[in-house]
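So the structure is just underneath, and the comments pick up after that.
Order of listing sets the numbers, starting from 1, for every ligand and every atom in it. Along the sequence shown, residues carry numbers from 1. Quick note: numbers below take in every heavy atom, side chains included, and nothing from hydrogens, waters or symmetry partners.
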Amino acid sequence: MELINDARPDTRPFLPSEARGTKPDAPGAQKAALPRLENRFAELSPPFYSDVVATPLPDPYLIAVSEDTSRLLGLEPAALASQQWTEALCGNTRLPGSRPLAAVYSGHQFGVWAGQLGDGRALLLGDLATAGGRFELQLKGAGRTPYSRMGDGRAVLRSSIREYLCSEAMAALGIPTTRALALVGSDFAVLRESVETAAVVTRVAESFVRFGSFEHWYAAKDVDRLRILADYVISTSYAHLAQRADRYAALLAEITQRSATLVARWQAVGFCHGVLNTDNMSVIGLTLDYGPFGFLERFDLGFVCNHSDSEGRYAFAAQPGVVHWNLYCLAQALLPLIDSVDDAKAALAGFESAYEDAILLAMRAKLGLQNANETDAALIDSLYGLLEANHPDHTTFFRQLSKISRSDRENDAAITDHMIDREATSAWLDTYRERLKEESRSDELRRLAMDAVNPKYILRNYLAETAIRHAQARDYTEIARLAAVLSRPFDEQPESASYAEPAPEWALGLEVSCSS
Ligand code: AMP
Ligand code: MG
């Protein structure tokens, strides 16, 4: 199959915001020089991407800024409130030095080869050198690109709020993820199932290269470009491998490790990605492309967060297997460079042990166990059986578990009250208690350690929906409030305790699908 990219750069004229009448800066906004970007990815030649001019977004307004991500980039959050920044964060003006481009990639969607995809609505602006390394800035929803196919290149406010909130929430949970610097809205109408309005999220990551970026050149039988891309990824993200003779196999082995660790972290916190296609898999092990994601609320191994996933391919419990499957696609794509099926298989073989190590590590921490004991895997298995039979709220269950006393049943109601089968729950708690007796830590210290890994606050679907409904009525305060709560997911925050509540009745039928 030939997949040579003959897409032409978008030639629409660049419309500077001055021509459309820039609004004056909000009072109190600090005017600061915009940072200068470099263009590391653009140094690859144009077949890897197309130069694209962002489609102007009429009358943009700033909706949210992440203080954490601003600081990560060495930017003052208050400075981003200027109209100058707003225009830059939706693509109406260019940051100094920026060379906007859309990258090409291909991929397997729902297990089927989909051919060429690419950044259909994302524009890479360039990268920023910071004290913590180089970060790329990308606008999601800044207009059509040569890879937009039938799409309009836009993202709606609803899905942009979800991506903004979840990227930052995942980062606060300590899970590797792309970040969100800002969210800009506009009254510009976008047609989905109904008419909605457009928004742009500025995403930040060390790299946005996907498994599908490699699959693209493999499918095109272009080994030279496959090597150029692999060398680029090694030099930018895996520099310690650069001198190794077996560097491509080593690259696959490291991506395998990072992906296994990532999916273990998802399972431990109850995160369901929703669209684990190979084009949504980061080669540096980040959670990437937030769409119809969802956190487990009522525990259910078969939980499918994406309403469009009718077969449940990306169900919660299927995620580790799917990530492994995706790694096979990546391995296939890297095979011309690795040149040995055995070496590729050896690299992939690291998945199972890396996943098992990572999930055991995470689960021991969730259960407050400091020492490794060979009975732990069985204890965790029986816990999952119990959860599957009782369907408690996942997050509440683990948060409450720290209250169990290791000497008696006095506090057991903290858990049994949330379960249907109290007898089976008590039996499991007794086994757990026996295991706790093998630990030297006091109940009090264990409680502190457990509360530092079992979040109280996660981005429940109804919380996102509430913030979205307020925003659709032009009230953006709920986004800021929710983002603030989720930025400290392990803290008690008594004033925000209602944000830890399970979904109210009105939200039980909420559905999220790919249409965004
Ligand atoms: P996703 O399901 O969001 O990962 O997207 C899959 C592919 O469809 C990617 O190549 C996206 O860039 C593209 N895409 C999704 N939505 C749009 C849109 N509204 N306009 C253009 N391309 C889109
Ligand atoms: Mg995608």
ask   = Centres of the Phe41 and Tyr232 rings: under 6.0 Å?
value = yes

query = Which protein non-hydrogen atom lies closest to atom 12 (O) of ligand 1, naming both residue and atom, and how far is it?
reply = Gly120 N, 2.7 Å

inquiry  = Give me the nearest non-hydrogen protein atom to atom 3 (O) of ligand 1 as residue plus atom name, then the distance to 0.1 Å.
reply    = Arg121 NH2, 3.7 Å

query = For atom 6 (C) of ligand 1, what is the nearest protein heavy atom, given as residue, atom name and distance?
reply = Gln109 NE2, 3.9 Å

message = Looking at the Mg ion (ligand 2), is there an N, O or S atom belonging to Asp279 that lies under 2.8 Å away from it?
response = no

query = Do the numbers put Arg227 on top of the ring of Trp217, so that NZ or CZ is under 6.0 Å from the six-membered ring centre and no more than 45° off the axis?
reply = no

query = What N/O/S atom of Asp289 is the closest to the Mg ion (ligand 2)?
reply = OD2

request  = May I ask you to list the atoms of ligand 1 that are less than 4.0 angstrom from any heavy atom of Asn280?
outcome  = 4 (O)

ask   = Is it true that Phe316 and Trp266 have ring centroids separated by less than 6.0 Å?
value = no

inquiry  = In this structure, is the centre-to-centre distance between the rings of Tyr290 and Tyr164 below 6.0 Å?
reply    = no

query = Using the benzene-type ring in the case of Trp, are the ring centres of His391 and Phe299 under 6.0 Å apart?
reply = no

ask   = So does Glu465 pair up with Arg158, basic N to acidic O under 4.0 Å?
value = no

note = Atoms of ligand 1 under 4.0 Å from any heavy atom of Leu117, numbered from 1 in the order shown, are 10 (O)

Ion pair check, Arg469 and Asp475, cut-off under 4.0 Å = no

message = I need the nearest protein heavy-atom contact for atom 13 (C) of ligand 1: residue, atom name and distance, please.
response = Arg149 NH2, 3.8 Å

request  = Determine, counting only non-hydrogen atoms of the protein, whether one lies under 4.0 angstrom from atom 20 (N) of ligand 1.
outcome  = yes

query = Got an N, O or S from Asn277 under 2.8 Å of the Mg ion (ligand 2)?
reply = no

request  = Using side-chain contact (heavy atoms from CB on, under 4.5 Å) as the criterion, point out the one residue from Leu89, Thr86, Val200 that pairs with Pro60.
outcome  = Thr86

key: Lys/Arg cation over aromatic Phe295: Arg460, 6.0 Å, 45° cone   = no

query = Does a sphere of radius 6.0 Å around CD in Glu67 hold more than 12 heavy atoms from other residues, nucleotides or ligands, not counting ones at 6.0 Å or beyond?
reply = no

task = Around atom 10 (O) of ligand 1, find the nearest protein heavy atom and jot down its residue, atom name and distance.
result = Gly118 O, 2.6 Å

task = Considering only non-hydrogen protein atoms, determine which one is nearest to atom 5 (O) of ligand 1 and report residue, atom name and distance to 0.1 Å.
result = Asp279 OD2, 4.8 Å

key: Atom indices of ligand 1, in the order listed, that fall short of 4.0 Å to a heavy atom of Asp289   = 4 (O)

ask   = So, are Asp127 and Arg134 salt-bridged, with charged N and O less than 4.0 Å apart?
value = yes

task = Would you mind listing which atoms of ligand 1 come within a distance below 4.0 Å of any non-hydrogen atom of Tyr105?
result = 9 (C), 10 (O)

query = Which atoms of ligand 1 sit under 4.0 Å from any heavy atom of Gly153?
reply = 18 (C), 19 (N), 20 (N), 21 (C)

key: Heavy atom of protein inside 4.0 Å of atom 8 (O) of ligand 1, strictly below   = yes

key: For Arg192, the ligand 1 atoms whose distance to one of its heavy atoms is below 4.0 Å   = 19 (N)

